[in-house]
Structure formats: structure tokens, C-alpha cells
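First up is the structure itself, then whatever we jot down about it.
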Amino acid sequence: MKITKIDISLVVVAAAVLGFLFLGSEKKLGPEVPADEEHQVFYRRLDGGEKRIALEKQCVSCHKPGSLPAAHPHKEECMVCHLPRQKP
Ligand code: HEC
Ligand code: HEC
């Protein structure tokens, strides 16, 4: 069978669709927080039963909204996306 331009374009389109679906299924989580005490203490307190929303308010004292990259999601639930690098 001769491979025509149409055959090739079909393969390209199929690959593009599959790639798109694959990327879309991946969760867009942010980088993990550093394994230093400054960060781990929050996750220990979370495990200790403290409210996540209250803890997250303190992230902003160091990470001022303006200091985050321009493309950063405008969301306050830091600890949903930023997980601890290691559990103490
Ligand atoms: C919806 C998910 C999500 C939430 C909620 C979120 N982030 Fe992020 N964060 C990301 C992603 C994705 C990146 C990577 C963005 C990039 O590299 O441009 C990131 C990057 C970062 C970085 C690294 C910035 C850099 O210069 O590389 C810091 C620090 C950060 N976030 C802090 C926070 C803080 C503090 C909060 C809460 C106020 C927060 N994030 C809430 C997804 C999130
Ligand atoms: C005492 C100040 C302070 C507090 C509080 C703090 N951070 Fe950070 N954070 C820093 C500093 C400084 C760095 C950069 C140090 C490094 O890269 O090792 C950093 C780095 C990060 C990074 C890694 C960025 C990257 O590029 O890998 C993330 C994600 C992050 N912080 C999220 C958070 C979240 C979420 C909270 C709240 C639970 C929080 N931080 C609380 C000071 C703080």
C-alpha cells in the first residue's frame, strides 16, 4: 500500500489528540516544598489536626503574592498543590 500525504496527516492528527489527552490527564501540581524545618513544620501541624486553611495563611507571610511567577495559579490552597518533599 502506498503511503499518501493523507495517511501521514491522519497519523499526525491522532498523535496530537492522544498527546493532548495524556497531558490533560496529568495533574498540574506545583513543585514540592523544600525539606527544611521552615516548611515541614506546617505539614506536621496539618497531620496533627490543625486546619489547612489557617496554616496556609502563614505561607503568604514569606511568599508574598507578588513574588510568585506571573503564571502562578491565583489560589490560596497552597498545601493542596505543594506537597512536602519528605515526611518527617
Ligand atoms: C492550583 C495549584 C497551586 C496552588 C493552590 C498553589 N500553587 Fe504554587 N505553584 C503551582 C505551580 C503549578 C507552580 C509552578 C509554576 C511555574 O513554575 O511557573 C507553583 C510554583 C510555586 C512556587 C515556586 C515559584 C518559583 O519561583 O519557582 C512557590 C514558592 C509557590 N508556588 C508557592 C505557593 C504558595 C505560597 C501558595 C499559596 C498562597 C501556592 N503556591 C498555591 C501550583 C499551585
Ligand atoms: C519562613 C518563611 C517561609 C514560610 C513560612 C514558607 N516558605 Fe516556602 N520558601 C521559603 C524560602 C526562603 C524558599 C526558597 C528556599 C529554597 O529554595 O530552598 C521557599 C521555597 C518554597 C517552595 C519551593 C519553590 C521551588 O522552586 O522549588 C515552595 C513550593 C514553597 N516554598 C511553598 C511554601 C508553602 C506551601 C508554604 C506554607 C505551607 C511555605 N512555602 C511557607 C520561605 C518560606
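Atoms within a ligand are numbered from 1 in the order they appear, just like the ligands themselves. Computed from heavy atoms alone, side chains included, the values below leave out hydrogens, waters and symmetry copies.
Of the protein's non-hydrogen atoms, the one nearest atom 22 (C) of ligand 2 is Pro34 CD, 3.5 Å. For atom 12 (C) of ligand 2, the closest non-hydrogen atom on the protein side is Glu38 OE1, 4.7 Å.
Residue contacts to atom 8 (Fe) of ligand 1: Cys78 brings no N, O or S atom closer than 2.8 Å. Put simply, His82 gets within reach of atom 8 (Fe) of ligand 1, with an N, O or S atom under 2.8 Å from it. Note on Cys62: not counted as a metal contact of atom 8 (Fe) of ligand 2, no N/O/S atom lying under 2.8 Å.
A donor-acceptor pair is defined here as one N or O able to donate and one able to accept, closer than 3.5 Å; such a pair exists between the side chain of Gln40 and the backbone of Pro34. Within the 3.5 Å criterion, the main-chain N or O of Cys78 finds a donor-acceptor partner in the side chain of Glu56.
Atom 8 (Fe) of ligand 2 lies closest to atom NE2 when only the N/O/S atoms of His63 are considered. Per residue His39, closest N, O or S atom to atom 8 (Fe) of ligand 2: atom name NE2.
The aromatic rings of His63 and His39 are tilted relative to each other, their planes meeting at an angle between 30° and 60°.
Residues Glu37 and Arg44 meet the side-chain proximity criterion, which asks for heavy atoms closer than 4.5 Å.
For Val80, the heavy-atom gap to ligand 1 stays at 4.0 angstrom or more. Under the 4.0 angstrom criterion for non-hydrogen atoms, Val33 is in contact with ligand 2.
Residue Cys59 touches ligand 2 through backbone and side chain together, judged by heavy-atom distances below 4.0 Å. At a 4.0 Å heavy-atom cut-off, ligand 1 touches Pro73 through the side chain alone. Of all the heavy atoms of Glu56, none lies under 4.0 Å from any atom of ligand 2, so neither backbone nor side chain is involved.
Considering backbone and side-chain atoms together, Tyr43 places no N or O closer than 3.5 Å to any N or O of ligand 2. An N or O contact shorter than 3.5 Å is missing between Glu76 and ligand 1 by distance.
Close approach of ligand 2 to Pro31 is summarised as follows: ligand atoms under 4.0 Å from at least one heavy atom of the residue are 27 (O), 29 (C).
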